[in-house]
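Right, one structure below, let's go through it.
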There are 2 protein chains.
Amino acid sequence: MENYRKILGRNVRAARKDLGWSQEDLAFETGIDRTYISGIERGVRNPSLDMLVKLAKTLKTTPSGLLEK
Amino acid sequence: MENYRKILGRNVRAARKDLGWSQEDLAFETGIDRTYISGIERGVRNPSLDMLVKLAKTLKTTPSGLLEK
DNA sequence: GTGTGACTTCGAGTCCGTT
DNA sequence: GAACGGACTCGAAGTCACA
């Protein structure tokens with residue numbers, strides 16, 4: 001089973017760095033806690049669809065895009 | 001804001017019907033409760049990433065594919 | 001065969017801190 | 001700036017009876 005938490009983590013981190021943001025910046029922009037962002041990027045969290053949508057919007061991509069390998 | 005719960009619901013229902021399955025069939029194959037499947041298809045639930053992965057695998061698609069418009 | 005409201009339980013998500 | 005831990009709150013997970 002492919003680990004989609006890891007895939008999501010990689011994609012979030014890449015998209016965030018593309019924007020030149022720190023985790024704290026992304027936390028502020030999304031309104032999501034910074035420790036939670038950290039957990040998502042490390043692949044240890046299991047976020048809800050609403051979270052994926054928030055992240056995707058802020059990172060200027062789509063939920064679908066965040067889950068592509 | 002596009003409603004990704006509805007998008008997911010539409011895609012799950014379409015993929016399920018493509019396989020000629022009832023909600024009960026899908027519930028059995030995924031191990032998820034039938035009423036929970038119903039809630040996802042109607043867009044009233046906010047499923048986690050792990051749920052999306054389970055559904056995608058059983059429906060022979062990908063989490064990313066389930067979130068495309 | 002599906003929609004729906006109500007319910008309990010446990011993990012999603014927040015907030016504080018330290019390394 | 002980021003990883004990690006503890007304690008907390010609230011909503012997702014999971015189930016049921018009934019329409």
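The chains referred to below are lettered A, B, ... by the order of the sequence lines, with proteins before strands, and numbering in each begins at 1.
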Rounded to whole angstroms, how far apart are [atom1] on [X] and [atom2] on [N]?
X	N	atom1	atom2	answer
B:D33	D:dC18	CG	P	16 Å
A:R16	D:dG1	CZ	P	11 Å
A:I32	C:dC15	CD1	P	12 Å
B:R5	D:dA12	CZ	P	6 Å
A:F28	C:dC15	CZ	P	14 Å
B:D50	C:dG11	CG	P	12 Å
B:K54	D:dG14	NZ	C1'	10 Å
A:L52	C:dA12	CG	P	13 Å

### Message
Could you see if B:L26 belongs to whatever hydrophobic cluster contains B:F28? Use Ile, Leu, Val, Met, Phe, Trp, Tyr and a side-chain cutoff under 4.5 Å.
### Response
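No, because B:L26 and B:F28 fall into different hydrophobic clusters, even though each may have its own neighbours under 4.5 Å.
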
### Task
Start with the C-alpha gap between B:S48 and A:S48, add the side-chain angles, then the distance that decides, and say whether side-chain hydrogen bond (donor to acceptor under 3.5 Å, both in side chains) holds.
CA-CA 4 Å; B:S48 69; A:S48 69; over 6 Å; no

Report yes if a side-chain nitrogen or oxygen of [X] is closer than 4.0 Å to either non-bridging phosphate oxygen (OP1 or OP2) of [N]; otherwise report no.
X	N	value
B:R13	C:dG3	yes
A:S38	D:dC4	no
A:R45	D:dA12	no
A:R42	D:dC4	yes

Nearest-nucleotide pick for [X], side chain only, options being [options]:
X	options	value
A:Y36	C:dA12, D:dG14, C:dT2	C:dA12
A:Q23	C:dG1, C:dT14, D:dA3	D:dA3
B:S22	C:dG13, C:dG1, C:dT14	C:dG1
B:N46	C:dG1, C:dT14, D:dA12	D:dA12

### Query
Atom CG of A:N46 and atom CG of B:D50: how far apart are they, to the nearest 0.5 Å?
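Answer for the CG-CG pair, A:N46 versus B:D50, is 3.5 Å.
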
### Message
Base of C:dG13, side chain of A:R34 - is there a donor-acceptor contact under 3.5 Å?
### Response
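In this structure, the two groups form no donor-acceptor pair.
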
### Message
So, under a plain 3.5 Å distance rule, would you say the side chain of A:T35 forms a donor-acceptor pair with the base of C:dC16?
### Response
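Check fails, no donor-acceptor contact within cut-off.
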
### Task
Would you mind classifying the nucleic acid contact of B:G31 as base, sugar-phosphate or nothing, using non-hydrogen atoms under 4.0 angstrom?
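Result for B:G31 = nothing.
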
### Query
B:E41 near the nucleic acid: base, sugar-phosphate alone, or nothing, with a heavy-atom cut-off under 4.0 Å?
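Since no nucleic acid heavy atom lies under 4.0 Å of B:E41, the category is nothing.
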
### Task
Could you go through the side-chain contact (heavy atoms from CB on, under 4.5 Å) check for A:R34 and A:Q23 one step at a time?
CA-CA 6 Å; A:R34 70 185 161 77; A:Q23 289 183 353; 5.5 Å; no

### Message
Regarding B:E41 and B:R10, does a basic nitrogen lie under 4.0 Å from an acidic carboxylate oxygen?
### Response
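Between B:R10 and B:E41 there is no salt bridge, as every charged N stays at least 4.0 Å from the carboxylate O atoms.
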
